[in-house]
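Remember, it's 1-based here, ligands and their atoms both numbered in the order they're listed.
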Amino acid sequence: MMNVESGCQLLVINYYPPCPKPELVMGLPAHTDHGLLTLLMQNELGGLQIEHNGKWIPINPLPNSFLINTGDHLEILTNGKYKSVVHRATVMNKKAARISVGTAHGPRLDTIVTPAPQLLSEDNPSAYRGIQYKDYLLLQQSRELERKSCLDFIRI
Ligand SMILES: O=C(O)CCC(=O)C(=O)O
Ligand SMILES: [Fe+2]
């Protein structure tokens, strides 16, 4: 099983200014996050949407709470049982700025992330090839954010 005693945490702060024509722009295009889990805090203004059964579902922020998203490496670790959620941020606020703070939690940078061996069998072979977490981050950062997540590069 993966060593989770030490890991890597990245903090991202997103600022979406008020937008007079929200229908014309996208705050953050559709993507998946790279880590195991992402904790997201928002300033009580809506905008985040997750993809579910081919539809975009708006997520209403709950006061004093973290929203938790599953990330790519949780999908790899569980051999696809837990999917990394595809999400995007719209700018639907005409009057106020929206701010979100996300922390992505992943393993140590030198960890080679593979599906947990305990979950694999002849009937359930590995669906992803192993990749060092550092290389996965570099791959993700070298590409523009787009719908296709980097998981497509390591699917077997
Ligand atoms: O602003 C949001 O609600 C989403 C932010 C996000 O998806 C990210 O930083 O990866
Ligand atoms: Fe994200």
Side-chain angles (χ1 to χ4, degrees), residues 2 4 6-115 127-128 130-155:
M2 193 171 67
V4 286
S6 61
C8 149
Q9 188 184 43
L10 284 178
L11 183 103
V12 178
I13 301 177
N14 302 293
Y15 178 81
Y16 308 96
C19 179
K21 298 213 162 143
E23 63 286 356
L24 297 183
V25 283
M26 184 55 64
L28 199 56
H31 67 280
T32 58
D33 294 344
H34 48 75
L36 291 165
L37 293 171
T38 303
L39 272 65
L40 192 80
M41 226 167 78
Q42 317 162 62
N43 66 340
E44 298 185 24
L45 294 175
L48 178 65
Q49 298 181 335
I50 64 162
E51 196 190 50
H52 183 64
N53 292 338
K55 289 206 179 106
W56 288 108
I57 314 288
I59 304 297
N60 293 324
L62 294 175
N64 307 316
S65 69
F66 287 107
L67 181 128
I68 303 197
N69 270 342
T70 49
D72 292 350
H73 279 94
L74 191 64
E75 178 166 333
I76 299 168
L77 192 65
T78 61
N79 204 31
K81 201 166 169 67
Y82 288 178
K83 298 286 180 223
S84 183
V85 66
V86 178
H87 55 285
R88 66 183 188 182
T90 60
V91 280
M92 55 205 247
N93 309 292
K94 288 190 177 165
K95 300 242 163 74
R98 174 169 180 266
I99 296 174
S100 70
V101 180
T103 49
H105 296 262
R108 263 171 52 154
L109 289 178
D110 60 359
T111 305
I112 299 197
V113 182
T114 56
Y128 307 86
I131 182 168
Q132 213 177 39
Y133 189 53
K134 177 172 56 113
D135 292 336
Y136 194 81
L137 282 180
L138 289 173
L139 179 67
Q140 200 201 37
Q141 297 303 311
S142 68
R143 303 171 73 231
E144 288 199 9
L145 271 184
E146 55 181 273
R147 202 259 68 155
K148 277 167 82 119
S149 79
C150 292
L151 285 172
D152 294 336
F153 287 94
I154 56 162
R155 276 204 182 90

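At least one heavy atom of His31 sits less than 4.0 Å from an atom of ligand 1. Under a 4.0 angstrom heavy-atom cut-off, His87 registers as being in contact with ligand 1.
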*asked:* Between Glu51 and Lys83, does the salt bridge (charged side-chain N to carboxylate O under 4.0 Å, His left out) criterion hold? Intermediate values first, please.
replied: CA-CA 11 Å; Glu51 196 190 50; Lys83 298 286 180 223; over 6 Å; no
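Across every non-hydrogen atom of Gly106 and Tyr133, the tightest pair is CA-OH, 3.6 Å. The nearest pair of heavy atoms linking Asn69 to Val85 is OD1-CG1, 3.4 Å. When every heavy atom of Gln140 is checked against every heavy atom of Thr32, the shortest pair comes out as NE2-O, 3.3 Å. Closest of all the heavy-atom pairs between Leu45 and Ala96 is CD1-CB, 3.8 Å. Summarising the geometry of Ala97 relative to Asn43, their closest heavy-atom pair is O-ND2, 3.1 Å, with the distance given to 0.1 Å.
In this structure, Thr111 contributes its side chain and Pro107 its backbone to no donor-acceptor pair below 3.5 Å. When atom types are taken as modelled, the side chain of Glu44 and the backbone of Pro63 share no donor-acceptor pair closer than 3.5 angstrom.
Interface of Tyr16 with ligand 1, defined as ligand atoms under 4.0 Å from a residue heavy atom, comprises 1 (O), 2 (C), 4 (C), 5 (C).
Of all protein heavy atoms, the one closest to atom 8 (C) of ligand 1 is Leu28 CD2, 3.7 Å. The nearest protein atom to atom 5 (C) of ligand 1, hydrogens excluded, is given as Asn14 ND2, 3.3 Å; this is a heavy-atom distance. Looking from atom 3 (O) of ligand 1 to the surrounding protein, the closest heavy atom is Arg98 NH2, 2.7 Å.
Aromatic rings of Tyr136 and His34 (six-membered ring for Trp) have centroids beyond the 6.0 Å cut-off, not under it.
Considering backbone and side-chain atoms alike, Gln42 places every N or O at 3.5 Å or more from each N or O of ligand 1.
Looking only at protein N/O/S atoms, the ones less than 2.8 Å from the Fe ion (ligand 2) make 3 in total.
Heavy atoms of Asp33 found under 4.0 angstrom from ligand 1 belong exclusively to the side chain.
Interatomic distance, CG of Leu139 versus NZ of Lys134, reported as 13.0 Å (0.5 Å rounding).
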